[in-house]
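In the text below, chain A, chain B and the rest are named by the order of the sequence lines, each starting its count at 1.
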2 protein chains.
Amino acid sequence: MKPDALDCKILSELANKARMTWAELAGQLGISPPAAADRVRKLEEAGIIRGYVTQIDAPRLGYDLAAFIAVTLEHPRDRDGFLAAVQSTPEILECHHIAGDGDYLLKVRCRGTSGLEHLITAQLKELPGVTQTRTTIVLSTVKEAIAVPITDASAL
Amino acid sequence: MKPDALDCKILSELANKARMTWAELAGQLGISPPAAADRVRKLEEAGIIRGYVTQIDAPRLGYDLAAFIAVTLEHPRDRDGFLAAVQSTPEILECHHIAGDGDYLLKVRCRGTSGLEHLITAQLKELPGVTQTRTTIVLSTVKEAIAVPITDASAL
DNA sequence: GATGAAAAAGCGATGTA
DNA sequence: TACATCGCTTTTTCATC
């Protein structure tokens, strides 16, 4: 499926107002509400829209410390176990396979330094093959968006 | 405002299904739809719910390359200009002030290596005070969540 | 927080270009 | 194929208890 200009407008509208009604969305687009809903359904089925999430103020719930952790694995055979642990650890928000220093870069969010200490020593370093971790503490977050800039991608 | 156990259940329900109806949410909680809607409205007003966003498959829209860029500023006086540029550059998804190597860690998403090259040379390095950048390419993303683990935070 | 009525939105069928 | 219009159902909202 190839999104056209109208689909891209839908995406940019929905990006930051995921709970808007079809009527409101349709008004922005100049089409009827059923037509707008139909296009959104197609975007969902095509996997371009992956879902709708609620942004929650993590610090208000006690998760006031963010950090990035570069993890080095000893051997490729340790990978599956490591990735399974990553998936099942909710404090690990993101895990990227990277080129450069370390093998994986984790973005984590913990309850203070004690929560971070527990995550590193009792969870990460306990995993087989995790030989080295390098932690970068986040002092403050200036910007945290989720959506990419949405331009007309119909030419792709 | 202090969220109680029921509020936390609301947050965990809404976290990944932001478009669910009040009726559906209320059914999960065992309360009436108006009561559920009322609690959600209070969570929004308290700023605990910051908004509702649509997850979009960025690679499908051409943004197929992610990277982390550590930026070092020459002098604190360069900060305001740098942060303004960060806010107005949509390819920069996140910007964290960090303790460690470099001053700021950016998470960016570009159209291929050419997009990344343009971002680094034509945008970042053009900024006053940006003396050094260290880029880490993301080979693949294993996990990318947005929500923290939501437990009962009423004790905070 | 529940209930019930009014208002609004969503859904499906049909028609049209 | 994509969209508009219509009628029906569900949901939301706003009283009151």
Donor-acceptor pairs are to be reported for all side-chain atoms of residues 16-25 of chain A against protein atoms at under 3.5 Å, with residues two or more places apart or in another chain.
residue: A/Arg19; atom: NH1; partner: B/Ala18; partner atom: O; Å: 2.7
residue: A/Arg19; atom: NH1; partner: B/Met20; partner atom: O; Å: 3.0
residue: A/Thr21; atom: OG1; partner: A/Glu24; partner atom: N; Å: 3.2

Residues which pass side chain to side chain contact (heavy atoms under 4.5 Å, CB included) with [X], listed by chain and number, not counting sequence neighbours:
X: B/Leu65; result: B/Thr113, B/Leu116, B/Ile137
X: A/Ala70; result: A/Leu105, A/Arg134
X: B/Gln132; result: B/Thr72

Q) If you look at every strand shown and take non-hydrogen atoms under 4.0 Å, does A/Leu25 touch a base, only sugar-phosphate, or nothing? A)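 It contacts nothing in the nucleic acid.
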
Enumerate donor-acceptor pairs with a distance under 3.5 Å from any side-chain N or O in residues 27-47 of chain B to protein atoms, sequence neighbours excluded.
residue: B/Asp38; atom: OD1; partner: B/Arg41; partner atom: NH2; Å: 2.5
residue: B/Asp38; atom: OD2; partner: B/Lys42; partner atom: NZ; Å: 2.6
residue: B/Arg39; atom: NH1; partner: B/Asp4; partner atom: OD1; Å: 3.1
residue: B/Arg39; atom: NH1; partner: B/Asp4; partner atom: OD2; Å: 3.4
residue: B/Arg39; atom: NH1; partner: B/Asp7; partner atom: OD1; Å: 2.8
residue: B/Arg39; atom: NH1; partner: B/Asp7; partner atom: OD2; Å: 3.4
residue: B/Arg39; atom: NH2; partner: B/Asp4; partner atom: OD2; Å: 3.3
residue: B/Arg41; atom: NH1; partner: B/Glu45; partner atom: OE1; Å: 3.3
residue: B/Arg41; atom: NH1; partner: B/Glu45; partner atom: OE2; Å: 3.0
residue: B/Glu44; atom: OE2; partner: B/Tyr52; partner atom: OH; Å: 2.6

**Q.** ring pair (Phe, Tyr, Trp, His ring centres under 6.0 Å) contacts touching residues 128-151 of chain A (sequence neighbours left out)
**A.**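 Every candidate ring pair (Phe, Tyr, Trp, His ring centres under 6.0 Å) pair involving residues 128-151 of chain A fails, so no pair, neighbours aside, qualifies.
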
(Q) Checking B/His118 now: which residues fulfil ring-ring contact (aromatic ring centres under 6.0 Å, His included) with it, not counting sequence neighbours? (A)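 Result, ring-ring contact (aromatic ring centres under 6.0 Å, His included) vs B/His118: none returned.
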
Q: With side-chain contact (heavy atoms from CB on, under 4.5 Å) as the test, would you mind laying out the steps for A/Ile56 and B/Arg50 before giving the verdict?
A: CA-CA 6 Å; A/Ile56 295 165; B/Arg50 290 213 304 257; over 6 Å; no

Q: Whole angstrom is fine here: how far is it from CG in B/Asp38 over to P in C/dA2?
A: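 It is 11 Å, rounded to the nearest whole Å.
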
Q | Closest nucleotide among D/dC3, C/dG1, D/dA4 to the B/Ser32 side chain | A |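 Among the listed nucleotides, the one closest to the side chain of B/Ser32 is C/dG1.
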
Q: Applying side chain to side chain donor-acceptor pair (under 3.5 Å), name anything that partners A/Thr141, two or more places apart in sequence or on another chain.
A: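 For A/Thr141, the residues satisfying side chain to side chain donor-acceptor pair (under 3.5 Å) (neighbours in sequence not counted) are B/His96.
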
Q | Pairing residues for A/Glu144 by the salt bridge (charged side-chain N to carboxylate O under 4.0 Å, His left out) criterion, not counting sequence neighbours | A |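 Applying salt bridge (charged side-chain N to carboxylate O under 4.0 Å, His left out) to A/Glu144 gives A/Lys107, A/Arg109.
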
Q. Angle, rounded to 10°, between the helical axes spanning five pairs at each terminus of the helix from C/dG1-D/dC17 to C/dA17-D/dT1?
A.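 Inter-axis angle at the ends, rounded: 30°.
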
Q. Is there a residue in residues 40-53 of chain B whose heavy atoms reach under 4.0 Å of DNA chain D, and which residues are they?
A.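 When residues 40-53 of chain B is checked for heavy atoms under 4.0 Å from DNA chain D, there are no hits whatsoever.
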
Q) When you check every protein heavy atom under 4.0 Å of nucleotides 10-17 of chain D, what one-letter string (B, S, -) results, 5' to 3'? A) -SSBB---

